[in-house]
Amino acid sequence: MKTTISLICIFITLNTFSQKKPLDHSVYDSWQSIGERIISNNGKAVAYTIPVQEGDATMTLQQPDGKKLFEIPRGYNLNFTEDSRFLIFKIKPTYKQTRDARIKKRKPDEMPKDTLAIIEIASLKLEKIARVKSYKLPEKNSGWLAYLMEKPLADVQRQQRELDSLSRIKAISNIIDSLTRVADSLRNKLAQVQMMGLATLQPARLPEEARPEEISDEGTELIVRNLSTGSENRYKLVNDYLLSKYGNTLVFKTTRQSRNTSAKPFVLRRNLNNNRVDTVLRNFNDARSFALDEKGEQLAFVAERDSNKKGSQKFYKLYYHNNGDSALQLANKNTTGIPAKWGVSEFANISFSKSGKRLFFGTAPILPPKDTTLPEFERVNVDIWNYKDEDLMPAQLKFGDSLSRKNYLARYDFDKK
């Protein structure tokens, strides 16, 4: 009897093991884990994401007792407002959309973009805003939300549907007139060639300063919403922005506009309490690393304003602004206290002390200018390691970009100047 029972147990065990699915990609691709997780300040709502190895993650909003309020695919970058009224997050495009776009080698502007989502927790009302690049909330104020849009895509099909028959006839007529003018121009150009030779076909060269410039980082629309009233303010051509800790100050930088030489970049500052806007800096090539103090009153950043925009070396300076006048320059490569052949680093994280009486920024050795006398194909690229180098050559090659951004902490004391 005991032998029979033992044989039955062994048979059941072997049968069970034989039915287990083998571990392969199809199995562990579906394994789940908790990703982001946050709790509202009042403790009445919890939000978390469940990412997967391959595919679309899920964002869940639920109560502490386990009751689920929302499940939204692909949600991430979660934040509750300080008063626990809203959950704000972004929604990624589907895994398939992104994969197909990469296979087709779409340009960055043509890739699928994120959507901003806002959930009012009391009513469970969901609002979605398409094509949002980033968003920011003040840490200690629930009244404001700032978000930066992606570049808009022209909806050609919608525009064509909106054209009625009369508009189409008018559009065709305009095309015919345009082609007629082109033909006349070509006939005139042919007559000039017959008289003066092929040199007349050479395009006219504009002076360097008069040529329209392509702006690689041209800004987009920044929208600042008052979550209490729903009112909004919009700013064009913005590519960087910052909200103060207590939501009383907004700093943002505008860019030049492609093929518009009259448009100038600005660093602007808005007081969110009285809506006053101050111009902090103008006429610069680049400004970055914006930082506000604890109270949102003092602003610091670095900027490069050399007249030669295409120079091989860029020298950044440290700027400071308080309410009122334009920014003041605090430090540059010639400032007392900065070592010889060193300068202000554009890659440092700038910050104020808790009291606001000290400002921390970065300094770094000035790198030698790039040799632009030879064309690229004639330059010799040799990796030379010196025994005084802090990093070996393999590390320099692998982490070259991060090593070039390396900087050293410096302090500016406002009392002692």
Side-chain angles (χ1 to χ4, degrees), residues 82 136-146 148 219 222 224 226 233-255 264-306 314-338 343-363 407-417:
E82 199 262 343
K136 292 180 181 179
L137 291 168
E139 183 181 338
K140 297 293 184 180
N141 188 313
S142 55
W144 297 99
L145 164 67
L148 188 64
L222 174 69
V224 183
N226 187 320
N233 289 90
R234 296 170 179 258
Y235 304 95
K236 302 290 186 181
L237 295 172
V238 176
N239 74 342
D240 196 4
Y241 63 107
L242 174 69
L243 275 171
S244 63
K245 180 177 180 178
Y246 289 94
N248 56 336
T249 303
L250 169 71
V251 178
F252 57 99
K253 181 186 72 172
T254 65
T255 68
K264 303 296 182 183
F266 291 94
V267 175
L268 300 169
R269 172 177 179 160
R270 178 186 166 192
N271 186 319
L272 295 174
N273 294 328
N274 58 21
N275 290 330
R276 172 180 168 176
V277 177
D278 292 322
T279 300
V280 175
L281 193 70
R282 66 183 76 197
N283 298 328
F284 57 88
N285 299 322
D286 184 29
R288 59 175 73 183
S289 302
F290 299 99
L292 287 162
D293 69 347
E294 186 86 3
K295 298 179 180 178
E297 296 175 354
Q298 300 181 97
L299 166 67
F301 60 96
V302 296
E304 187 268 313
R305 306 179 74 180
D306 293 338
K314 303 293 184 183
F315 298 107
Y316 282 78
K317 301 177 178 71
L318 178 67
Y319 286 89
Y320 169 82
H321 180 263
N322 210 323
N323 292 326
D325 297 332
S326 300
L328 302 174
Q329 186 186 136
L330 290 185
N332 58 44
K333 61 186 178 69
N334 299 316
T335 299
T336 302
I338 293 183
V344 175
S345 173
E346 68 268 37
F347 301 115
N349 293 321
I350 298 176
S351 63
F352 287 88
S353 64
K354 187 83 171 178
S355 65
K357 294 182 178 181
R358 294 176 180 84
L359 174 63
F360 300 96
F361 62 104
T363 58
N407 56 83
Y408 300 83
L409 187 65
R411 184 191 75 186
Y412 182 89
D413 192 305
F414 287 101
D415 289 337
K416 300 178 181 179
K417 308 297 181 185

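These values consider heavy atoms only, across backbone and side chains, with no hydrogens, waters or symmetry-generated copies.
Between Pro138 and Ser244, the shortest heavy-atom contact is CB-O, 3.5 Å. Counting all heavy atoms, side chain and backbone alike, Ala348 lies closest to Ser289 at O-OG, 3.4 Å. For the pair Leu243 and Ala146, the tightest heavy-atom approach, listed with the atom from each and the gap, is CD1-CB, 4.0 Å. Heavy-atom minimum distance, Val267 versus Phe290: CG1-CE2, 3.7 Å. Of all non-hydrogen atoms in Phe284 and Pro265, the two that sit nearest each other are O-CG, 3.4 Å. Closest approach of Thr254 to Lys236, counting heavy atoms only: CG2-O, 3.8 Å.
Looking at heavy atoms from C-beta onward, Phe301 lies in side-chain contact with Leu281 at the 4.5 angstrom threshold. No side-chain heavy atom of Asn332 sits less than 4.5 Å from a side-chain heavy atom of Phe315. Side-chain contact between Leu268 and Thr279 is present, with heavy atoms from C-beta onward closer than 4.5 Å. For the pair Glu346/Glu304, no side-chain contact is recorded, criterion being any heavy-atom separation below 4.5 Å from C-beta on. The shortest side-chain heavy-atom distance between Asn239 and Arg288 does not fall under the 4.5 Å cut-off. Taking 4.5 Å as the limit, some side-chain heavy atom of Leu318 sits within range of a side-chain heavy atom of Leu359.
Using a distance-only test at 3.5 Å, with no hydrogens or angles considered, no donor-acceptor pair links the side chain of Arg358 to the main chain of Asp415. The closest donor-acceptor contact from the side chain of Asn248 to the backbone of Asn273 lies at 3.5 Å or more, if one exists at all. Side-chain N or O atoms of Asp306 include none that pairs as donor or acceptor with a backbone N or O of Lys314 at under 3.5 Å. Not one N or O on the side chain of Gln329 forms a donor-acceptor pair closer than 3.5 Å with the backbone of Lys317. At least one donor-acceptor pair under 3.5 Å links the side chain of Lys136 to the backbone N or O of Tyr241.
Aromatic pair Tyr412/Tyr320: ring centres not closer than 6.0 Å.
Each of Val302, Leu299, Val344, Leu292 was compared with Ile350 under the side-chain contact (heavy atoms from CB on, under 4.5 Å) criterion, and only Val302 meets it.
Sparse packing is recorded around CG of Asn349, with 12 or fewer heavy atoms of other residues, nucleotides or ligands lying under 6.0 Å away.
Here CZ of Arg282 is found 5.0 Å from CZ of Phe266. Values are rounded to the nearest 0.5 Å. Rounded to the nearest 0.5 angstrom, Arg411 CZ and Lys416 NZ are separated by 7.0 Å. Atom CZ of Phe352 and atom CD of Glu297 lie 10.5 Å apart (nearest 0.5 Å). Distance check: Tyr408 OH to Ile338 CD1 gives 15.0 Å after rounding to the nearest 0.5 Å. Lys245 contributes atom NZ, which lies 14.0 Å from atom OG1 of Thr249 (distance to the nearest 0.5 angstrom). Tyr246 OH to Glu82 CD: the interatomic distance, rounded to the nearest 0.5 Å, is 9.5 Å.
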Kindly determine whether Lys357 and Asp293 satisfy salt bridge (Lys or Arg N to Asp or Glu O under 4.0 Å), including the steps that lead there. CA-CA 9 Å; Lys357 294 182 178 181; Asp293 69 347; over 6 Å; no
Going through the distances and angles, do His321 and Val251 end up as a side-chain contact (heavy atoms from CB on, under 4.5 Å)? CA-CA 11 Å; His321 180 263; Val251 178; over 6 Å; no
